[in-house]
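Structure record follows, encoded as structure tokens.
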Amino acid sequence: MRFTTLLSILAGASALWITPARAANEIVVGFATAASGFMQAYDKPAQDAALIRIEEINKAGGLLGKKIKPVFADTKTDQAEGAKAGLAVLDQGADLVIVSCDYDFGAPAALQAQAAGKVSFFLCAESIKAGIPGVGPFSFSASVLAPVQGATMSEWAYTKKNARSFYRLLDSWTVYNKGICDGFDWMLPRLKEAKLVGSDTFKNDDASIASQITRIKSLPKEPDAIMLCTMMPGAVSAIKQIRAAGIKSMILNGSGVDGSYWMNAVPDLSNFYVPVQGSVYGDDPNPKVNEFNKKYKEVTGGDPSSQYVYPGYVLIDVWAKAVERAKSTDAAAVVAELEKMNNESTLFGPRTFTKDIHHQNQGRYLIVDTEAGKPQVIDQWTISEKIPLAYLVSK
């Protein structure tokens with residue numbers, strides 16, 4: 001079946017669909033992901049990237065001499081349906097179960113894979129729970145933890161931008177947002193001259209953050225940096241209000257606000273920085289990433305909207321390497337090979353897994369700077385030490 005046909009089937013799917021049992025010359029990868037509901041916007045781009053990597057592997061001769069066959073089940077952005085979707089792809093013979101980007105929506109399917117003794121990968125979840133603590137020893141995520149984003153931005157701003165005074169502004173809506181600030185909280189005491197000059201919270205759907213802005217403006221001196229821990233859609237309103245109030249401090253955020261699709265709402269935005277695993281702007285220092293972006297557009301008809309496309313490609317890449325090294329799709333053997341990966345090279349930065357953590361608690365990030373409404377890569381950064389697992393689990 002042609003890859004483009006697979007994409008069109010997936011795009012139009014509104015219910016589970018079943019295919020015949022796998023042939024002896026096939027390895028089945030099951031996508032228990034959202035083809036409908038709000039999670040589709042998060043799942044589909046990363047899933048499309050995963051399918052691109054599958055197609056590349058198949059064209060190169062397959063995996064262990066077999067073709068990879070993708071099968072699909074729609075979670076409908078519903079946790080109960082997620083469990084059913086997990087079972088559905090397992091019934092179709094899935095050796096790997098790929099689940100939704102979000103821990104809460106992906107975990108039901110991942111738990112079904114764990115119970116069946118199969119490996120699961122979250123498409124792009126960045127909670128420590130999306131792995132051993134929340135699912136079990138056969139579960140992984142190929143993305144980088146949200147706390148690493150907060151830690152990266154604070155250490156980079158301190159080191160490269162001479163930021164010394166920081167204001168912490170947390171959007172309490174999601175665990176992801178909290179994770180960004182958790183990483184900031186861990187890193188700040190390690191920055192010798194850094195000082196927290198204030199801290200505040202708001203909610204993503206707050207129409208106004210005027211009181212929080214008033215407290216920032218009442219400081220004796222404008223902070224060097226505001227650590228803004230938020231995501232779409234509320235991020236746009238918060239950023240717009242901060243700049244409209246005349247606050248010119250550099251704004252640091254997590255990867256959840258990557259992409260230029262929203263920047264028309266904040267004309268001429270400047271002094272705004274985010275970490276990304278790869279650049280969607282055509283300026284990635286790795287030319288192969290820019291080539292991937294072109295391929296993605298050829299296949300899907302649109303440019304990658306944000307860096308959250310990329311973990312889908314990475315998860316297939318690292319899983320396939322582990323299968324080749326194990327010479328088997330047996331879950332225990334594949335997990336053992338994944339846990340040997342230490343700074344394993346991938347198109348979107350190195351990946352490390354251990355027997356204790358199946359997520360990235362340290363990772364290379366590109367730093368994107370937006371000036372006059374135009375984002376571009378200006379630097380790259382890897383935090384100086386890994387965030388301890390005990391700290392991550394305690395949050």
Side-chain angles (χ1 to χ4, degrees), residues 38 41-42 45-46 101-102 124-127 143-154 156-157 161 166-184 200-206 209 212-213 225-244 247-281 283-284 303-311 348 363 365-381:
F38 76 84
Y42 296 92
C101 273
D102 179 75
C124 56
E126 294 172 346
S127 165
S143 197
V144 184
L145 288 165
V148 179
Q149 297 167 27
T152 295
M153 295 315 297
S154 51
W156 175 82
K161 288 290 185 177
F166 292 81
Y167 197 96
R168 178 187 189 271
L169 187 54
L170 168 65
D171 167 8
S172 59
W173 182 40
T174 64
V175 171
Y176 166 76
N177 295 341
K178 183 177 180 296
I180 299 169
C181 271
D182 286 342
F184 169 79
D200 222 326
T201 63
F202 69 104
K203 291 185 179 179
N204 196 267
D205 59 357
D206 284 347
I209 59 168
Q212 293 89 339
I213 287 173
I226 296 171
M227 185 72 246
L228 181 60
C229 307
T230 189
M231 62 185 293
M232 298 301 169
V236 177
S237 175
I239 294 164
K240 189 173 184 177
Q241 290 179 65
I242 290 169
R243 287 296 185 246
I247 298 171
K248 297 180 180 180
S249 306
M250 70 169 66
I251 299 176
L252 314 173
N253 211 319
S255 305
V257 294
D258 180 39
S260 59
Y261 60 93
W262 58 272
M263 289 188 178
N264 287 340
V266 193
D268 298 321
L269 176 64
S270 294
N271 210 17
F272 180 78
Y273 304 88
V274 298
V276 298
Q277 296 173 47
S279 174
V280 301
Y281 308 109
D283 62 348
D284 197 290
D303 295 311
S305 57
S306 80
Q307 65 111 49
Y308 284 104
V309 166
Y310 303 138
F348 303 101
Y365 269 114
L366 303 178
I367 307 299
V368 171
D369 171 22
T370 297
E371 298 295 335
K374 296 180 180 179
Q376 63 176 345
V377 175
I378 61 163
D379 206 351
Q380 57 182 305
W381 195 258

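Position 1 is the first residue of the sequence, and the numbers go up from there.
- To the nearest 0.5 Å, atoms CD1 (I209) and OG (S237) are separated by 6.5 Å.
- By the 4.5 Å heavy-atom criterion applied to side chains, Y261 and M232 are counted as neighbours.
- Evaluation of the salt bridge (charged side-chain N to carboxylate O under 4.0 Å, His left out) rule for D182 yields K178 as partners, not counting sequence neighbours.
- What you find for A265 and V236 is that their closest heavy atoms are CB-CG1, 3.5 Å.
- A search for side chain to side chain contact (heavy atoms under 4.5 Å, CB included) contacts involving N204 returns D171, W173, T230, M231, P233, not counting sequence neighbours.
- Formation of a donor-acceptor pair under 3.5 Å by the Q212 side chain with backbone atoms of T201 is found in this model.
- Closest non-hydrogen pair, P45 versus V309, comes out as CB-CG2, 3.6 Å.
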Donor-acceptor contacts under 3.5 Å from residues 143-150 side chains, at least two apart:
from	atom 1	to	atom 2	distance (Å)
S143	OG	E126	OE2	2.8
S143	OG	Q277	NE2	3.0
Q149	OE1	Y176	OH	2.7
Q149	OE1	S255	N	2.9
Q149	NE2	E126	OE1	2.8
Q149	NE2	E126	OE2	3.4
Q149	NE2	Y365	OH	3.4

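- For S172 (side chain) and K203 (main-chain N/O), no donor-acceptor pair under 3.5 Å exists by modelled atom type.
- Atom CE of M227 and atom CG of L169 lie 10.0 Å apart (nearest 0.5 Å).
- In this structure, the side chains of F272 and I242 stay at 4.5 Å or more apart for every pair of heavy atoms.
- Nearest heavy atoms, N271 versus S249: ND2-C, 3.5 Å.
- F202 CZ to I213 CD1: the interatomic distance, rounded to the nearest 0.5 Å, is 9.5 Å.
- Contact between L252 and A157 at its shortest, heavy atoms only, is CD1-CB, 3.9 Å.
- Distance check: R243 CZ to L269 CG gives 6.0 Å after rounding to the nearest 0.5 Å.
- Q376 CD to S279 OG: the interatomic distance, rounded to the nearest 0.5 Å, is 9.5 Å.
- Proximity of Y281 to D303: side-chain heavy atoms (C-beta onward) are nowhere separated by under 4.5 Å.
- Smallest separation of non-hydrogen atoms from W262 and I239: CH2-CD1, 3.8 Å.
- The side-chain heavy atoms of V274 and T370, taken from C-beta on, include no pair separated by under 4.5 Å.
- The structure places OG1 of T174 at 7.5 Å from CD1 of I180, a figure rounded to the nearest 0.5 Å.
- Listed by chain and residue number, R215 satisfy the salt bridge (charged side-chain N to carboxylate O under 4.0 Å, His left out) test with D200 (two or more places apart in sequence, or in another chain).
- When atom types are taken as modelled, the side chain of D283 and the backbone of V377 share a donor-acceptor pair closer than 3.5 angstrom.
- Qualifying ring pair (Phe, Tyr, Trp, His ring centres under 6.0 Å) partners for Y308, counting only residues two or more places apart in sequence or in other chains: none.
- Under the 3.5 Å distance criterion, the side-chain polar atoms of D258 are matched with a main-chain donor or acceptor of Q307.
- In this structure D268 satisfies the salt bridge (charged side-chain N to carboxylate O under 4.0 Å, His left out) test with no other residue, sequence neighbours excluded.
- A heavy-atom distance below 4.5 Å is found between the side chains of Y273 and I378.
- Between I226 and I247 the shortest heavy-atom distance is CD1-CG2, 3.9 Å.
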